[in-house]
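Residue indices begin at 1 and follow the sequence shown.
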Amino acid sequence: MITAEQSEQLRAWFAERLPVDVYESLDSLTLDREEITVVGVIPATESVKEFRERTREQRIEVAREAEELYRRKVAWGVRVGEETTLFTHLAVPVMTRLRQSERQVLDTLVAGGVARSRADALAWCVRLVGRNTDEWLTELRDSLDKVQRVRAQGPDVSEPTDSMKSESE
């Protein structure tokens with residue numbers, strides 16, 4: 001999780017490096033431990049396929065620099081009106097331990113044809129929670145951002161204090 005300030009710095013970094021004709025505007029930038037996803041607005045007159053072809057080399061160049069600097073893969077997407085299309089993005093495996101009652105939920109989704117496997121069922125559950133608790137998750141992320149800012153302003157605990165120095169002498 002990164003702070004709002006770090007997010008803005010990352011957004012500025014991409015905005016400075018993307019040529020003016022790639023996007024009409026930078027819509028969103030999302031980051032996690034593995035990936036940075038950059039989504040921009042394109043004209044309604046341009047198809048996603050045309051955009052991908054027209055901007056491929058420019059995006060590859062920016063992605064290579066970002067991947068070296070930030071040690072994360074870069075994914076791209078476009079927004080046309082209300083529709084967002086992502087491409088070249090990761091699907092990362094996640095390991096978890098579930099109790100029987102939790103596994104039964106996943107197995108019910110598989111048996112009901114909602115998902116092909118337990119992994120698909122778990123992804124379905126995560127998407128459902130994300131959609132239905134978006135406001136709460138946003139508030140939680142904002143709170144975590146504030147915690148990180150407060151921690152960053154705190155004392156450096158790696159340096160021994162005066163009382164610790166006298167005890168070790």
Side-chain angles (χ1 to χ4, degrees), residues 1-96 105-106 109 113-153:
M1 191 100 194
I2 65 171
T3 65
E5 181 181 334
Q6 290 168 326
S7 179
E8 282 306 311
Q9 289 171 350
L10 187 63
R11 184 181 183 89
W13 187 93
F14 274 93
E16 288 172 10
R17 279 157 185 81
L18 284 171
V20 175
D21 65 337
V22 172
Y23 291 121
E24 283 187 340
S25 63
L26 194 56
D27 185 55
S28 66
L29 198 129
T30 310
L31 172 94
D32 69 7
R33 287 185 274 183
E34 293 83 20
E35 182 176 34
I36 300 168
T37 304
V38 181
V39 177
V41 176
I42 64 172
T45 56
E46 184 174 29
S47 73
V48 173
K49 184 178 179 180
E50 291 169 339
F51 169 83
R52 288 183 77 180
E53 292 300 319
R54 177 178 64 81
T55 63
R56 178 170 279 119
E57 293 304 317
Q58 296 162 312
R59 290 182 295 105
I60 287 172
E61 187 177 318
V62 172
R64 281 188 184 136
E65 189 178 347
E67 287 170 4
E68 185 176 319
L69 181 63
Y70 296 109
R71 302 283 185 231
R72 291 172 172 85
K73 289 294 186 186
V74 176
W76 300 94
V78 296
R79 175 159 296 159
V80 180
E82 294 299 313
E83 188 172 326
T84 299
T85 304
L86 296 178
F87 39 91
T88 64
H89 60 289
L90 301 176
V92 177
V94 177
M95 179 66 176
T96 186
V105 170
L106 301 180
L109 293 171
V114 173
R116 294 185 312 256
S117 65
R118 283 180 171 176
D120 285 344
L122 186 56
W124 183 88
C125 291
V126 169
R127 285 190 301 272
L128 182 66
V129 169
R131 266 189 237 123
N132 292 326
T133 60
D134 190 42
E135 187 177 317
W136 179 81
L137 287 171
T138 299
E139 189 176 331
L140 182 60
R141 287 183 188 111
D142 291 344
S143 296
L144 290 171
D145 184 41
K146 183 170 182 173
V147 167
Q148 287 180 341
R149 282 194 313 262
V150 170
R151 281 186 184 153
Q153 295 169 357

Of the non-hydrogen atoms in [X] and [Y], which two are nearest, and what is the gap between them?
X      : Y      : answer
Leu106 : Cys125 : CD2-SG, 4.2 Å
Leu137 : Gly130 : CD1-CA, 3.9 Å
Trp13  : Val62  : CH2-O, 3.9 Å
Arg72  : Glu67  : O-CG, 2.9 Å

Quick check against the 3.5 Å criterion: does [X] have a side-chain atom that pairs as donor or acceptor with the backbone of [Y]?
X     : Y     : result
Gln58 : Val22 : no
Glu83 : Val80 : no
Arg11 : Leu26 : yes

Glu61/Arg64 salt bridge by N-O under 4.0 Å criterion: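 Looking at Arg64 and Glu61, the cut-off is not met.
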Would you call Asp145 and Arg149 a salt bridge, taking side-chain N to carboxylate O under 4.0 Å as the test?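 A salt bridge is present here (some side-chain N lies under 4.0 Å from a carboxylate O).
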[atom1]-[atom2] distance between [X] and [Y], expressed to the nearest 0.5 angstrom:
X      : Y      : atom1 : atom2 : answer
Ile36  : Leu90  : CD1   : CG    : 11.0 Å
Ile60  : Thr88  : CD1   : OG1   : 9.0 Å
Arg59  : Arg54  : CZ    : CZ    : 9.5 Å
Arg127 : Asn132 : CZ    : CG    : 12.5 Å
Leu10  : Tyr70  : CG    : OH    : 5.0 Å
Glu53  : Glu46  : CD    : CD    : 11.0 Å

Please walk me through it: do Phe51 and Trp76 pass side chain to side chain contact (heavy atoms under 4.5 Å, CB included)? CA-CA 11 Å; Phe51 169 83; Trp76 300 94; 5.8 Å; no
Given Tyr23, which of Thr55, Val38, Val41, Val39 fulfils the side-chain contact (heavy atoms from CB on, under 4.5 Å) condition?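 The option that passes is Val38.
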Is the shortest side-chain heavy-atom distance between Leu144 and Gln148 below 4.5 Å?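 Sidechains of Gln148 and Leu144: no contact.
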